[in-house]
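Shown next, in structure tokens, is the structure this report addresses.
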Amino acid sequence: MSNYILKYSRDERVKYISHLDFVRLFHRTIRRTDLNFIFSQGFNPHPVMTVAQPLSVGVTSDCEYMKVGFDGDYSEQDIINTINNAFPPGYKILAAKKVEGKEIDLTKLDRAEYTVELEYEGIADTEKLLDSSELKVMKKSKSGVKESDIRPYIYSIEKLSDKDGVLVLKMCIAIGSVYNLKPQSVIDAMEKYLDNFKAGFMNVHRNSMMCGENEPL
């Protein structure tokens, strides 16, 4: 029995698949291979599989992670090739690492870098936004929708391009169990705190997830 950390991507073709649908899709993918899951104990056994910081619907990514247990000892390249040969178009395993214990702890991921492309009107003054001491927006939580100051959880915003009403931003923001911030909340703050700024259609891509400055794989 072996545990593996898998890094995978999700592209435009499958960005509207929900987290629960992805879990079911992955189960079916493994059944099409000669790999065998490790199953949990108890009255309702299920495959041992944990997805780190599931993506929102509509977001693409090059840096998703999961921990999976397989009943067998496979090379990392065999895992990559076997799953990719069975995966539907839109998903791809990028890397795999066999792990013992918690040498890679996905629960400690605390920040993510995104590229956000959006249509907009007004002035996209990101420096003014970051100069603010607080940025309070309405944010959904387990206890409901309430106002939250997101400024401490925005680590950086870089303007990559700004042309013909289309803005491209690279932002590094908090993720994880302590505080989980979505790019949409940052855009909400821009609309609230920047004069005449109004956002339109938006594409979001997750480039990396990190614990501090380090990526798991």
Side-chain angles (χ1 to χ4, degrees), residues 1-40 45-99 102-118 168 170-173 175-177 180-184 201-211 214-217:
M1 296 188 295
S2 304
N3 290 312
Y4 297 83
I5 300 294
L6 306 181
K7 181 180 182 179
Y8 63 99
S9 62
R10 177 171 96 171
D11 70 21
E12 291 281 343
R13 292 170 289 182
V14 291
K15 69 179 184 180
Y16 293 111
I17 292 179
S18 71
H19 170 62
L20 291 179
D21 284 338
F22 169 73
V23 171
R24 288 189 284 265
L25 179 152
F26 189 75
H27 291 174
R28 292 194 299 270
T29 296
I30 297 304
R31 287 199 294 268
R32 291 195 293 270
T33 73
D34 59 358
L35 303 174
N36 294 306
F37 279 120
I38 298 174
F39 282 84
S40 62
H46 57 273
V48 175
M49 169 186 171
T50 305
V51 177
Q53 303 303 320
L55 275 177
S56 299
V57 171
V59 179
T60 56
S61 175
D62 288 323
C63 62
E64 299 310 290
Y65 293 95
M66 70 172 82
K67 185 176 183 180
V68 185
F70 291 120
D71 188 9
D73 189 13
Y74 308 95
S75 75
E76 292 158 351
Q77 193 59 53
D78 282 344
I79 291 288
I80 294 171
N81 294 340
T82 299
I83 298 176
N84 280 340
N85 287 335
F87 247 160
Y91 289 104
K92 184 179 181 180
I93 302 296
L94 303 175
K97 182 175 177 59
K98 185 179 178 181
V99 293
K102 287 192 174 182
E103 60 182 280
I104 297 178
D105 189 352
L106 297 179
T107 66
K108 292 185 177 180
L109 291 168
D110 63 0
R111 63 190 61 200
E113 183 181 276
Y114 296 86
T115 299
V116 180
E117 181 180 11
L118 69 152
V168 182
K170 181 171 72 174
M171 61 178 70
C172 184
I173 57 180
I175 59 169
S177 57
N180 194 60
L181 183 60
K182 296 181 180 180
Q184 180 62 61
F201 182 78
M202 180 168 66
N203 281 317
V204 179
H205 181 79
R206 187 147 72 184
N207 305 309
S208 60
M209 289 195 288
M210 298 157 285
C211 179
N214 301 313
E215 296 184 64
L217 294 181

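Count residues from 1 along the sequence.
- Closest approach of T60 and E12 over heavy atoms only: CG2-N, 3.7 Å.
- Considering NE2 of H27 and CZ of F37, their distance stands at 5.0 Å, rounded to 0.5 Å.
- Separation of atoms NE2 (H19) and CD (E64) is listed at 10.5 Å; rounding is to 0.5 Å.
- Residues forming a side chain to side chain donor-acceptor pair (under 3.5 Å) with K98 (at least two apart in sequence, or on another chain): D73.
- Rounding to the nearest 0.5 angstrom, the gap separating the CZ atom in F22 from the CE atom in M66 is 3.5 Å.
- Between I175 and Y114, the closest heavy-atom pair is CG2-OH, 4.0 Å.
- The distance from atom OG of S208 to atom CG of L109, rounded to the nearest 0.5 Å, is 10.0 Å.
- Scored by the salt bridge (Lys or Arg N to Asp or Glu O under 4.0 Å) test, R13 finds D11 as partners (sequence neighbours excluded).
- Counting all heavy atoms, side chain and backbone alike, P183 lies closest to V204 at CG-CG1, 3.9 Å.
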Distance-only donor-acceptor pairs under 3.5 Å for side chains of residues 1-9, two or more places apart:
residue: S2; atom: OG; partner: G72; partner atom: O; Å: 3.1
residue: Y4; atom: OH; partner: Y74; partner atom: N; Å: 2.8
residue: Y4; atom: OH; partner: Y74; partner atom: O; Å: 2.6

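- With sequence neighbours excluded, the residues that form a side chain to side chain contact (heavy atoms under 4.5 Å, CB included) with Y16 are V57.
- Although no hydrogens or angles enter the test, the distance criterion places a donor-acceptor pair under 3.5 Å between the side chain of R10 and the main chain of I17.
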Which donor-acceptor pairs under 3.5 Å do side chains of residues 82-89 form with protein atoms, sequence neighbours excluded?
residue: T82; atom: OG1; partner: D78; partner atom: O; Å: 2.7
residue: N84; atom: OD1; partner: I93; partner atom: N; Å: 2.6
residue: N84; atom: ND2; partner: I80; partner atom: O; Å: 3.3
residue: N84; atom: ND2; partner: I93; partner atom: O; Å: 3.1
residue: N85; atom: ND2; partner: N81; partner atom: O; Å: 3.1

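- Residues satisfying the salt bridge (Lys or Arg N to Asp or Glu O under 4.0 Å) criterion with D105, sequence neighbours excluded, are absent altogether.
- Taking the salt bridge (Lys or Arg N to Asp or Glu O under 4.0 Å) definition, one finds that E117 meets it with nothing, sequence neighbours left out.
- Listed by chain and residue number, D21 satisfy the side chain to side chain donor-acceptor pair (under 3.5 Å) test with R24 (two or more places apart in sequence, or in another chain).
- Distance check, rounded to the nearest 0.5 Å: CG of L25 to CD1 of I30 gives 10.0 Å.
- Of the candidates R206, M209, K15, Q53, S61 forms a side-chain contact (heavy atoms from CB on, under 4.5 Å) with just one, namely R206.
- To the nearest 0.5 Å, the span separating CG on L217 from CG on L106 amounts to 8.5 Å.
- Scanning for side chain to side chain contact (heavy atoms under 4.5 Å, CB included) contacts around N207 gives E113, T115, H205, with sequence neighbours left out.
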Pair F26, V68 - check side-chain contact (heavy atoms from CB on, under 4.5 Å), show working.
CA-CA 11 Å; F26 189 75; V68 185; 4.1 Å; yes
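- In terms of the side chain to side chain contact (heavy atoms under 4.5 Å, CB included) criterion, residue partners of C172 (sequence neighbours excluded) are, by chain and number, R111, Y155, S156, M210.
- When all heavy atoms are compared, the tightest approach of I79 to A96 is CG2-CB, 4.3 Å.
- K182 meets the salt bridge (Lys or Arg N to Asp or Glu O under 4.0 Å) test with no other residue; sequence neighbours excluded.
- Every residue was checked against the ring-ring contact (aromatic ring centres under 6.0 Å, His included) condition with Y65, not counting sequence neighbours, and none meets it.
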